[in-house]
Protein chains: 2
Amino acid sequence: MKEAFISLDENRQYEILAAAMDEFAEHGFKRASTNRIVKRAGMSKGMLYYYFENKQTLFDDTLDFALDHIESHMLRDISTGTEGFIERCARLSHKKQVYFNQYPEIARFITSAYFSEELDTDQKKRRDHILKNRERIIFDNIDLGRFRDDIDHRTSMKLIAWTINGYTREMETMMETEGMAFDHFDEYFEQFDHYLAALRKLYYKEEYQ
Amino acid sequence: MKEAFISLDENRQYEILAAAMDEFAEHGFKRASTNRIVKRAGMSKGMLYYYFENKQTLFDDTLDFALDHIESHMLRDISTGTEGFIERCARLSHKKQVYFNQYPEIARFITSAYFSEELDTDQKKRRDHILKNRERIIFDNIDLGRFRDDIDHRTSMKLIAWTINGYTREMETMMETEGMAFDHFDEYFEQFDHYLAALRKLYYKEEYQ
DNA sequence: CGTGTTATTGACCACCCTGGTCAATTGTAT
DNA sequence: ATACAATTGACCAGGGTGGTCAATAACACG
């Protein structure tokens with residue numbers, strides 16, 4: 001990441017990084033092609049090496065950017081006071097959904113990095129640290145009193161988390177295959193509320209439904 | 001697929017096809033390397049072309065084999081009489097789990113083919129036909145009377161399917177990352193029964209729990 | 001206008017891997 | 001000894017790789 005790149009217009013920076021993220025996400029580091037990256041970004045081969053030292057630092061800088069971005073955009077301000085587990089899952093899920101919709105390149109890139117064996121030790125550490133944080137926060141400050149008592153609370157939480165993940169996964173694939181437009185967005189949230197109401201009826205005591 | 005391959009020992013045939021499936025699953029048709037396939041299969045380059053015409057027919061024959069295999073091993077005898085939806089999902093999920101565990105190469109290969117744009121029209125048709133069948137059977141002959149009536153039956157079925165998929169997905173990733181041995185298999189089924197009992201308590205009328 | 005600086009190009013490099021071939025060798029059964 | 005099947009891996013032309021660099025284009029300042 002040379003000064004030439006840093007002094008670039010911010011939007012142009014993002015376009016280039018997005019091209020790199022798309023390519024790295026699809027092929028991994030080793031099989032990613034710098035030729036395809038410059039083609040995607042609409043620039044010449046020379047410019048890439050005017051902006052970055054080499055393929056490795058391009059990848060490192062891109063990963064740094066992506067992790068910074070997801071930390072500051074998705075993981076900031078997700079802590080709250082006490083709430084029900086269903087509400088917690090729904091909130092986090094919604095936040096994730098919005099982020100994935102707004103920055104699909106970053107989301108895909110980080111997802112692929114999650115399974116990658118090509119990261120160095122520091123990068124793996126940072127990636128795992130972020131994921132650990134997310135897992136911790138989901139069970140923090142939950143009002144367990146809302147759960148019906150004839151089912152173990154841990155069991156309820158597992159089942160609810162699986163259910164809501166299933167719903168969001170189905171929506172994701174629907175959006176990917178059909179290319180969901182913004183007018184379906186309301187419909188999506190209506191449906192979501194419908195299912196959440198059902199979940200409350202199933203898992204909560206009557207007074208919390 | 002020349003006679004030389006057909007007259008081969010069946011196990012050896014499978015080893016070679018498995019090597020091809022691994023490679024195609026990981027890289028898709030175009031980026032798959034015949035050199036890596038022969039290395040995985042432990043044979044020389046020449047033999048591959050002694051057994052198959054070229055890369056394309058190798059892929060076609062491999063896909064044919066895989067689709068035949070999954071049809072006869074996983075999709076045969078999955079129809080039954082009437083049963084509850086939870087029991088249906090659990091049964092199909094279990095069957096899938098067992099198959100994925102026994103033939104992971106085939107499962108991965110077909111999964112990758114599901115998203116592939118590199119198939120020809122006939123191959124896409126056949127692939128979609130198999131998947132359609134599987135989707136149809138899941139809602140056939142379900143005893144809807146078991147569901148509690150204060151929640152819409154379609155809603156219940158959606159929620160249950162997402163939940164059980166979530167569980168099996170978690171088990172799959174656990175097995176992939178930790179390399180689950182057979183001694184954990186019992187534990188896995190115990191847990192599964194535990195969650196199924198909870199689901200029955202949640203979604204069924206009292207007399208069916 | 002000239003001059004110096006920065007941005008930008010794409011032809012070019014040596015290298016590696018590709019799908020596929022084939023003459024040569026080994027194994028085997030008669 | 002002979003015929004035939006199985007098996008090898010060096011080899012091919014072609015294409016893609018990460019990376020370089022001399023040549024320009026664009027622009028700023030005087």
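In the text below, chain A, chain B and the rest are named by the order of the sequence lines, each starting its count at 1.
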_Distance alone, cut at 3.5 Å: any donor-acceptor contact between the side chains of B/Y14 and B/E105?_
yes
*In terms of side-chain heavy atoms, does B/T80 have a donor or acceptor partner in B/R91 at a distance below 3.5 Å?*
yes
*Backbone N or O of B/T57 within a donor-acceptor pair of the B/N54 side chain at under 3.5 Å?*
yes
*Any chance you could measure A/F5, atom CZ, to A/L17, atom CG, to the nearest 0.5 Å?*
4.0 Å
Hey, what are the protein-to-nucleotides 17-19 of chain C N/O distances that come in under 3.5 Å?
from	atom 1	to	atom 2	distance (Å)
C/dT18	OP1	B/S33	OG	2.7
C/dT18	OP2	B/N35	ND2	2.8
C/dG19	OP1	B/A32	O	2.6
C/dG19	OP1	B/K55	NZ	2.8
C/dG19	OP2	B/T34	N	2.8
C/dG19	OP2	B/T34	OG1	2.6
C/dG19	N7	B/K45	NZ	3.2

*Would you kindly give the CZ-to-P distance between A/F5 and C/dT8, to the nearest whole Å?*
12 Å
*For the pair B/E23 and B/R40, find out whether any cationic side-chain nitrogen is under 4.0 Å from an anionic carboxylate oxygen.*
yes
_Span of DNA chain D, from the first to the last nucleotide whose atoms fall under 4.0 Å of chain B heavy atoms_ = D/dA5 to D/dG9
*Take the angle between the ring planes of A/F59 and A/F29 and call it parallel below 30°, perpendicular above 60°, tilted in between.*
perpendicular
*Taking the six-membered ring for Trp and the single ring otherwise, decide whether the centroids of B/Y167 and B/Y195 are under 6.0 Å apart.*
yes
*asked:* Assess, by modelled atom type and distance only, whether the side chains of A/T155 and B/H194 contain a donor and an acceptor separated by less than 3.5 Å.
replied: yes
*Report yes or no: do A/Q56 and A/D60 form a side-chain donor-acceptor pair below 3.5 Å?*
yes
*Rounded distance (Å) that lies between atom C1' of C/dT6 and atom OH of A/Y51*: 11 Å
*Report, as a single string ordered 5' to 3', how protein heavy atoms within less than 4.0 Å touch nucleotides 24-30 of chain C: B base, S sugar-phosphate only, - not at all.*
-------
_Within the 3.5 Å criterion, strictly below it, is a donor on B/Y99 or B/H69 matched to an acceptor on the partner's side chain?_
yes
